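Here is the structure we will look at.
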Amino acid sequence: MKPKADNNEYSESEDFIRARIRSDLESGIEKPVTRFPPEPNGYLHIGHAKSICLNFGIAEEFGGECNLRFDDTNPSKEDIEYEEAIKEDVRWLGFDWENRIYYASDYFEQLYEYALQLIGEGKAYVDDLSAEEIREYRGTLSEPGRESPSRERSVEESLGLFQAMRNGDFDDGQYVLRAKIDMASGNMNMRDPVMYRIMKKPHPRTRDSWSIYPMYDWAHGQSDSIEGITHSLCTLEFEDHRPLYDWFIVQLGIYHSRQIEFARLNLSYTVLSKRNLMKLVSEGFVSGWDDPRMPTISGLRRRGYTPESIKDFCRKIGITKQDSVIDMELLEHSIREDLNRRAQRMMVVLDPLKVVIVNYPEGKEEELDAVNNPEDPSMGKRKVPFSRELFIERDDFMEDPPKKFYRLSPGSEVRLRYAYIVRCVGFERDPTTGEVTEVHCEYDPDTRGGSAPDGRKVRGTIHWVSAKSASRVTVRLYDRLFTVPNPMADKQREFTEFLNPDSLRILENCAAEPALGDCAGDINCQFERKGYFVLDSVDSVSGAPVFNRTVSLRDSWSRQSGGKVG
RNA sequence: UGGGGCAUCGUAUAAUGGCAGUACAGCGGACUCUGAAUCCGCUAGUCUAGGUUCGAAUCCUAGUGCCCCAGCCA
């Protein structure tokens, strides 16, 4: 089937960044070169996916290139574990940096030479003010700063001191190298920003060969320039840094990459900052960075999201400079749309209630045809066993049903999907708890396969599993991580106070079609009428599968009945 | 008058002086062996006030609101 993407909204119009690239292409540049520059200090999340799709997407669309660059300028926060996870996530999304993997740390020597150049030209100086003093001297948002006494230091002295900083002659914090710009600038970033700090810490890649490390502002633009990045795309909070980005490049007289800013992604009912995600992990609110409730790429992957659905989502949200919060339902729409097209259908009863077909012969078993995917006939059919004793969903039976309840209730008729039309003729309950323990039905042998030869209308069709051959599986139902759309909105309260206590429900005794009892690999399927599920890649063991609910099906019944269904 | 940015249905996003469109959500209907999917329809928007113009979301003026910046983090 042809996707309706041919003449839809996103192929017709271009965002402001693509428009700019197109115009730059017309006015001379050969091809766009972009980069995705994560710091290896945490796992990638859906917000990074937006940036990845933008940077790699532009390279694909315009015949350019996109580099993967690790912005590893702060060894106190970075770890090799993160680097590997990041590479895996980018690859999983379906992007390829080929041989273009770079590290800011590869440029440490070049950056050092550049610094020498600026010092030599009197545009940078070594400062001996303490961190606290630097802050005081910087002034405030509305008052200009004061110049450090070190500003008057001679070029020769700064050169010597800077070399000594590199040699490890000083302790952490004793000196910094600063750019000499303008302490009265309205832009705080231009008030003699720190370029290097002393940090006697081994670096994952350069080990102990450096005792000074460049700051972001000093490293990023120059790294872009060295790599010939034409368009350096970053988020809005760096707009204030652009004058500094440009200043360094102009002073150095090197290739001028251009920084362009766009709005970062915000998603409702979750948080999207490494700091806060880190807190959820380290304080045990979730099981790890890849907890299926996490908005990380690895969490979404384990939850059952596909790369296609994430890329589709990124295309739909667009690229602008407006602060916005995207509704989680749009992400859910993307995965439903993708999985509806490709997921194998299965019948699984999450909360089993026993049904006895009283007029069905004891010991008899037959195999019925079930469609694997009504959206895709090429996926074929499969056999499902049927017998006298079945399981149905507990909430598909009601002793005293409300209006418009199309499922089973005393005296009513319902279709067992792919099987027979049955009528409820009675039920049993536990005398002490009052809970319904068993439902009795009579089946109509003429309706084999679920058809009604007499043309009778049966509104309800429910899923079921033959009791004898059912596989016992564990199912984890996930719900939104937070109870409020924006957990960060309340400044008085910690965002963790808004964690949803019901974000995970574990169902140990679900009854599944036999085939699901022993399966392996990346299995995305739809449990009919319940949602899309994926075999958990971590906790499933052979013969004891665990399924994660990726997303429920849309459910207009629970909305209209106000009830919570499964 | 510290600096920088942003304002279009509930949420996003298009319209680059010429019919305010699309998607998600919501509501209603058709269809249905998934209360799914699909199809059809409906609701709903240009921050405010002036101005320019035959014509303004778009240009001008003045307001208002929101976001970011005072790390030796990125």
Side-chain angles (χ1 to χ4, degrees), chain A residues 8-10 12-15 19 37-39 41 71 73-74 76-77 127 129-131 134-136 138-145 172-173 175-178 184-191 193-199 213 215-217 219-220 234-243 261 263 268 274-275 316-327 329-334 336-337 340-341 345 347 371 374-375 404-407 415-419 421 447 449-452 458-463 485 526-531 552-561 565:
Chain A
N8 66 6
E9 76 276 13
Y10 36 76
E12 285 172 1
S13 63
E14 215 170 45
D15 58 68
E39 183 187 17
N41 69 342
D71 221 339
T73 57
N74 185 352
S76 71
K77 296 170 67 177
D127 197 349
L129 253 30
S130 69
I134 286 181
R135 188 182 346 115
E136 282 167 21
R138 187 152 31 224
T140 69
L141 292 178
S142 54
E143 298 160 27
D172 285 17
Y175 290 99
V176 291
L177 182 71
R178 292 229 257 170
S185 172
N187 182 344
M188 302 299 280
N189 296 116
M190 301 300 272
R191 319 243 263 227
V194 172
M195 296 164 64
Y196 277 98
R197 74 283 217 185
I198 298 171
M199 200 187 288
Y213 291 97
M215 298 289 289
Y216 165 86
D217 286 302
H220 204 93
C234 64
T235 45
L236 250 27
E237 65 269 28
F238 290 101
E239 279 180 315
D240 287 349
H241 295 243
R242 183 160 19 96
E261 311 85 10
S268 63
K274 276 189 199 167
R275 198 188 114 81
K316 283 177 167 143
I317 59 178
I319 299 290
T320 69
K321 299 191 71 150
Q322 300 173 39
D323 281 315
S324 62
V325 182
I326 307 288
D327 203 322
E329 298 192 78
L330 187 60
L331 216 210
E332 295 181 342
H333 169 75
S334 290
R336 284 194 184 106
E337 191 172 58
N340 176 51
R341 216 175 52 232
R345 312 285 120 128
M347 293 200 289
V371 173
E375 305 290 320
K404 293 204 175 168
F405 183 79
Y406 302 143
R407 287 113 95 146
R415 174 185 293 105
L416 296 176
R417 188 146 165 87
Y418 308 124
I421 293 173
T447 59
S451 59
V458 177
R459 278 307 292 264
T461 298
I462 65 175
H463 61 286
Q526 182 194 103
F527 293 178
E528 293 210 45
R529 301 208 304 136
K530 290 281 121 182
S552 66
L553 256 29
R554 274 172 57 102
D555 184 358
S556 58
W557 165 247
S558 84
R559 251 185 287 131
Q560 100 176 58
S561 66
V565 180

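Values reported hereafter were calculated over all heavy atoms of this structure, with side chains retained and with hydrogens, waters and symmetry mates removed. All of these numbers come straight from a predicted model, not from anything done at the bench.
Nearer the 5' end of RNA chain B, as judged by each residue's closest nucleotide, is the contact made by Gly318(A), out of Glu329(A) and Gly318(A). Position along RNA chain B of the nearest nucleotide to Ile319(A) versus Asp71(A) favours Ile319(A) as the more 5'-ward residue.
The side chain of Thr320(A) places no N or O atom within less than 4.0 Å of a non-bridging phosphate oxygen (OP1 or OP2) of C6(B). Distances shown here put every side-chain N or O of Arg242(A) at or beyond 4.0 Å from the OP1 or OP2 atom of G3(B). Here Thr140(A) does not reach the OP1 or OP2 of A70(B): none of its side-chain N or O atoms lies under 4.0 Å away. Taking side-chain N and O atoms only, Gln322(A) has a distance below 4.0 Å to OP1 or OP2 of U8(B). Considering only side-chain N and O atoms, Arg336(A) lies nowhere under 4.0 angstrom from the phosphate OP1 or OP2 of A37(B). In this structure, Arg197(A) reaches the C73(B) phosphate: one of its side-chain N or O atoms is under 4.0 Å from OP1 or OP2. Ser76(A) has no side-chain polar atom (N or O) that falls below the 4.0 Å cut-off from OP1 or OP2 of C73(B).
Side-chain atoms of Asn187(A) stay outside donor-acceptor range of the base of G4(B), with no qualifying N/O pair under 3.5 Å. Donor-acceptor pairing under 3.5 Å, judged by distance alone, is present between the side chain of Arg407(A) and the base of G35(B). With hydrogens and angles ignored, a donor-acceptor pair under 3.5 angstrom links the side chain of Gln526(A) to the base of U34(B). For A36(B), its base never sits under 3.5 Å from the side chain of His463(A) at any donor and acceptor pair.
Counting all heavy atoms, side chain and backbone alike, Gly139(A) lies closest to Met188(A) at O-CE, 4.0 Å. When all heavy atoms of Met215(A) and Tyr196(A) are compared, the closest pair comes out as CG-N, 4.3 Å. Taking all atoms of both residues into account, the shortest heavy-atom contact from Ala263(A) to Asp323(A) is CB-N, 4.4 Å.
When both pairing distances are held under 3.5 Å, G28(B) makes a Watson-Crick or G-U pair with C40(B). With both pairing distances under 3.5 Å, A7(B) is matched to U64(B) as a Watson-Crick or G-U wobble pair. With a 3.5 Å ceiling on both atom-pair distances, the Watson-Crick or G-U wobble partner of C59(B) is G51(B). In this structure G2(B) sits in a base pair with C69(B), meeting the Watson-Crick or G-U test at under 3.5 Å. Shown here, G21(B) forms a base pair with U13(B); the pair counts as Watson-Crick or G-U wobble because both key distances fall under 3.5 Å.
The interatomic distance linking His241(A) (NE2) with G3(B) (P) rounds to 18 Å, in whole Å. Met188(A) places its CE atom 17 Å from the C1' atom of G5(B), with the value rounded to the nearest Å. Taking atom CG of Asp217(A) as the reference point, atom P of C69(B) lies 14 Å away to the nearest angstrom. As a whole-Å value, the separation of Tyr216(A) OH from C73(B) C1' is 11 Å. Atoms CE (Met195(A)) and C1' (A74(B)) sit 17 Å apart, rounded to a whole Å. Phe527(A) places its CZ atom 19 Å from the P atom of A37(B), with the value rounded to the nearest Å. Look at NZ on Lys316(A): it is 17 Å from C1' on G21(B), rounded to the nearest Å. Between the P atom of U8(B) and the CG atom of Asp323(A) lies a distance of 11 Å, rounded to the nearest Å.
Using atom C1' as the reference point in both C24(B) and U61(B), the two lie 38 Å apart (nearest Å). The gap from the P atom of A37(B) to that of A25(B) amounts to 8 Å, rounded to the nearest Å. Nucleotides A23(B) and U58(B) have their C1' atoms positioned 23 Å apart, rounded to a whole Å. Between G51(B) and A70(B), the distance separating the two P atoms is 43 Å to the nearest Å. Taking atom P in both G45(B) and U22(B), the straight-line distance is 15 Å, to the nearest Å. As rounded to the nearest Å, C19(B) and U13(B) have P atoms that lie 22 Å from one another. Separation of the P atoms belonging to A44(B) and A20(B) is 15 Å when rounded to the nearest angstrom. Nucleotides C40(B) and U48(B), compared at atom C1', are 39 Å apart to the nearest Å.
If you run side-chain contact (heavy atoms from CB on, under 4.5 Å) between Ser552(A) and each of Glu332(A), Lys530(A), Arg336(A), only Arg336(A) comes through. Between His463(A) and the choices Arg529(A), Glu528(A), Arg345(A), Arg417(A), the side chain to side chain donor-acceptor pair (under 3.5 Å) rule is met once, by Arg529(A).
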Using atom names, set out every protein N or O paired with an N or O of nucleotides 27-29 of chain B below 3.5 Å, distance rounded to 0.1 Å.
unit_1: C27(B); atom_1: OP2; unit_2: Arg559(A); atom_2: NH1; d: 2.8

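Arg554(A) comes within 4.0 angstrom of sugar-phosphate atoms only, judged by non-hydrogen atoms across all strands, and of no base. Residue Ile134(A) is in base contact, counting any heavy-atom pair closer than 4.0 Å across all strands shown. Within the 4.0 angstrom heavy-atom criterion, no nucleotide atom of any strand lies near Met190(A). His220(A) comes within contact range of no nucleotide atom at all, as no heavy-atom separation falls under 4.0 Å. Counting non-hydrogen atoms under 4.0 angstrom, Tyr213(A) reaches nothing in the nucleic acid. Within the nucleic acid shown, Val325(A) comes within 4.0 Å of sugar-phosphate atoms alone, with no base atom in reach, counting heavy atoms only. Across all strands, Leu141(A) comes closer than 4.0 Å to base atoms (heavy-atom distances). If you check every strand for non-hydrogen atoms under 4.0 Å, Leu331(A) touches nothing. Among the heavy atoms of the strands lying under 4.0 Å from Arg138(A) are primed sugar atoms or P, OP1, OP2 only; no base atom is included. Residue Arg345(A) is classed as a base contact, given a heavy-atom separation below 4.0 Å to a base. Residue contacts shown for Pro374(A) include a base, since a base heavy atom lies under 4.0 Å away. Nucleic acid contact for Ser130(A): base, since at least one base atom lies under 4.0 Å from a heavy atom of the residue. In this structure, Asp240(A) reaches the bases: a heavy-atom distance under 4.0 Å links it to at least one base atom across the strands shown. Nucleic acid contact for Ile326(A): sugar-phosphate only, since backbone atoms but no base atoms lie under 4.0 Å from a heavy atom of the residue.
Look at Lys316(A) and Glu337(A) and you find a salt bridge, because one of the NZ, NE, NH1 or NH2 atoms lies within 4.0 Å of a carboxylate O, short of that distance. Taking a cutoff of 4.0 Å between a charged side-chain nitrogen and a carboxylate oxygen, Glu239(A) and Lys321(A) qualify as a salt bridge.
Asp555(A) places a side-chain N or O within donor-acceptor distance of the main-chain N or O of Ser558(A), the cut-off being under 3.5 Å. With Thr447(A) contributing its side chain and Gly450(A) its backbone, the two residues share no donor-acceptor pair below 3.5 Å.
Defined by atom type and a distance below 3.5 Å, a donor-acceptor pair is present between the side-chain atoms of Thr235(A) and Glu237(A). In summary, the side chains of Asn187(A) and Ser185(A) do not present any donor paired with an acceptor at a separation below 3.5 Å, with no hydrogens or angles considered.
In G71(B) the O4'-C1'-N dihedral to the base is within 90° of 0, which defines a syn nucleotide.
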